[in-house]
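Here's the structure we're looking at; comments come further down.
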There are 2 protein chains.
Amino acid sequence: MAVSISKGTHRAAAGWIDCAPLGRLPETLELLATRAGAETGKPLYNAGDAADSWYRLLTGAACECVLTADGRRQIVNFLLPGDLFGFCARSRHEFSVEIIVDGTAFARYPRRQAEELASADAEVASAIRQRAFESISRLQARMVLLGRTNALEKVSAFLLEMAERPSVGIGDDLVLPMSRYEIADYLAMAVETVSRAITTLKAQGAITLANSRQVRITDRLALEHASAESRRRSSLAPTDASGRVSRTVKLYTSSFASQERATSVRHAG
Amino acid sequence: MAVSISKGTHRAAAGWIDCAPLGRLPETLELLATRAGAETGKPLYNAGDAADSWYRLLTGAACECVLTADGRRQIVNFLLPGDLFGFCARSRHEFSVEIIVDGTAFARYPRRQAEELASADAEVASAIRQRAFESISRLQARMVLLGRTNALEKVSAFLLEMAERPSVGIGDDLVLPMSRYEIADYLAMAVETVSRAITTLKAQGAITLANSRQVRITDRLALEHASAESRRRSSLAPTDASGRVSRTVKLYTSSFASQERATSVRHAG
DNA sequence: CGGTGAATTGAGGTACGTCAAATTGAGTGG
DNA sequence: CCACTCAATTTGACGTACCTCAATTCACCG
């Protein structure tokens, strides 16, 4: 299974795996890094731990997750080679990071030093800012997914998302580093539903499976339009969509606006 | 309806509404800003427009949203006074911003200048980075919400989230700037379900309504544990949760790890 | 007082979650 | 090499929470 990473337009720095769209981090930042490996199943850190480092995943896979009050795991992000993570607005992490595959390795950037470097080095600051903006974009895109979609759409979009990640998808051949359970926790569905969706996609000829982890996308259009049937209903009721476009709300608007205006004046005085 | 914003620990710069947790932006950045107002229902910008500015909402309310292929609107974020937005990793916006209430006003920061300033001024860079990290935290928190929760939980969490926003909630009294439709599009539910959930919360004594926009939280604990009943089932099956904790996956792991190692060697050579 | 859109309430269908069983497939020991 | 084990995945059956469609009530406004 020889794999070529060079399919993208981005050039890799020697010695660095370089999968993320925005390419390598500045040398000055990399000089801070220490390397570490971790084993499957072990958390790199837990929610509530001190957020004293940033990290970058080098090889393998991990996920950012929370354990909800009902004992379930919600995966908020898969971390793949090249991903920078561990950012935290507060002093303590809000999420845990769990290793998904053996042989996963990280670079660790001491937060204080990295932030000092970001203050001193505009290139570093810019790189980190770009990564953060990217994260925001990805998270927002995922939110759209989680929100308004049925099972088939979610799984289809998930596969397409993975196909965009150089470390998972080479062309239309994917090697998924995560289990069905992890996919389920990522998409907020039951494992069984994930499995059924995959079966359906297979039956539709959109994908083929070499084994449960190796997926080949055979019909991209089918994936992209996975839910054409389920969407048909809404085309019958376009009034619903337009009906949801916000209209002027006079009473509340004015009271809300004046409330804001009041505070504005208050501060100006 | 006099409203005091000064409840937080953050001090406001004269003339600026200052609700966001991280306080005001550096003066040097504010000097770039131009002000603009907009009317309800009009988009500030649309998905696909050139992302040539960052924005900060001053008064009123707006939302970041996408129109999905089936004609629905998915709201990925509510924008309230103090919020900085319009960040974009690419050159074009991926989301539209729609005004929700009349009298909404923005500060606009030309992107090129702001980025140049961020490169030159570490304080600006740090402030923006902090805001971005915060956005990431909020988005991740919302993802947890969108994922694993029933209708009652979603609406309860939404109300608690709004109660955290100084421009919406003063103590436990909320004035929601958005309609039920917008709440529905935010939580990815049907309006009817939102309405029913609110009715249920009212019946449970967790909230009272002065009118449909003015909500008083009368029992925070009830909101925080809104779903105690619906969660009970999972306590009966803790094995499920532990069963989902990832275990070693030897075959795929090794192939995946060696794949990564191969690319690593490749780049090092 | 009628008009209008927002919000609520009601009734019914369905996609997905849950529980349970069958199947696959890799690792292990004889 | 083959039986056995154990976990991952798939398949099946069934109940229910939510979505859809429809009707009603509510709040504001001319």
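Numbered from 1 within each chain, the chains take letters A, B, ... in sequence-line order.
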- Item | Electrostatic pair Arg220(B):Asp172(B) at N-O distance under 4.0 angstrom | yes
- How close or far is atom C1' of dC16(C) from atom CG of Leu152(A), stated in whole angstroms? 13 Å
- Can you name the residues that form a ring-ring contact (aromatic ring centres under 6.0 Å, His included) with Tyr186(A), not counting sequence neighbours? Phe78(A), Phe158(A)
- Net bend of the helix from dC1(C)-dG30(D) to dG30(C)-dC1(D), end axes of five pairs each, nearest 10 degrees: 20°
- Item | Gln214(B) CD to dA6(C) C1', straight-line distance once rounded to whole Å | 16 Å
- Query: Choosing from dT9(D), dA7(C), dT18(C), which nucleotide comes nearest the side chain of Ser212(A)?
  - Reply: dT9(D)
- Message: Rounded to whole Å, how long is the line connecting atom CD of Glu182(A) with atom P of dA8(D)?
- Response: 10 Å
- Message: Can you measure Asn150(B) atom CG to dG17(C) atom P for me and round it to whole angstrom units?
- Response: 13 Å
- Would you call the rings of Phe85(B) and Tyr55(B) parallel, tilted or perpendicular, where under 30° means parallel and over 60° means perpendicular? parallel
- Value in whole Å for how far the P atom of dA6(C) lies from CG of Leu209(B): 18 Å
- Task: Mind calculating the distance between OH (Tyr181(B)) and C1' (dT4(C)) to the nearest angstrom?
- Result: 13 Å
- Query: What nucleic acid atoms does Ala188(A) come within less than 4.0 Å of, heavy atoms only: base, sugar-phosphate, or nothing?
  - Reply: sugar-phosphate
- Less than 4.0 Å between a side-chain N and a carboxylate O, is that true for Asp83(B) and Arg165(B)? yes
- Query: Can you tell which of Lys154(A), Glu182(A), Arg180(A) makes a side-chain contact (heavy atoms from CB on, under 4.5 Å) with Val194(A)?
  - Reply: Arg180(A)
- Smallest heavy-atom separation, Leu174(B) atom then Leu159(B) atom, equals CD1-O, 3.6 Å
- Distance in angstrom units between Ile207(B) CD1 and dA7(C) P, rounded: 14 Å
- Ile183(B) CD1 to dT8(C) C1': how many Å, rounded? 14 Å
- Message: Please determine whether a side-chain nitrogen or oxygen atom of Arg180(B) lies at a distance below 4.0 Å from atom OP1 or OP2 of dC26(D).
- Response: no
- Note on the structure: Result for side-chain contact (heavy atoms from CB on, under 4.5 Å) between Phe95(B) and one of Asn77(B), Val66(B), Ile75(B) points to Val66(B)
Just the atom pairs and distances: protein N or O near nucleotides 9-12 of chain C's N or O, under 3.5 Å.
{"from": "dT9(C)", "atom 1": "OP2", "to": "Thr199(B)", "atom 2": "OG1", "distance (Å)": "2.6"}
{"from": "dG10(C)", "atom 1": "N7", "to": "Arg196(B)", "atom 2": "NH1", "distance (Å)": "2.9"}
{"from": "dG10(C)", "atom 1": "O6", "to": "Arg196(B)", "atom 2": "NH2", "distance (Å)": "3.1"}
{"from": "dA11(C)", "atom 1": "N6", "to": "Arg196(B)", "atom 2": "NH2", "distance (Å)": "3.4"}

- Would you call Arg73(B)-Glu98(B) a salt bridge at under 4.0 Å N-O? yes
- Which nucleotide, dT20(D), dC18(D), dA7(C), lies nearest any side-chain atom of Ser179(B)? dA7(C)
- Message: Checking Thr68(B) against Gln74(B): is there a side-chain donor and acceptor pair closer than 3.5 Å?
- Response: no
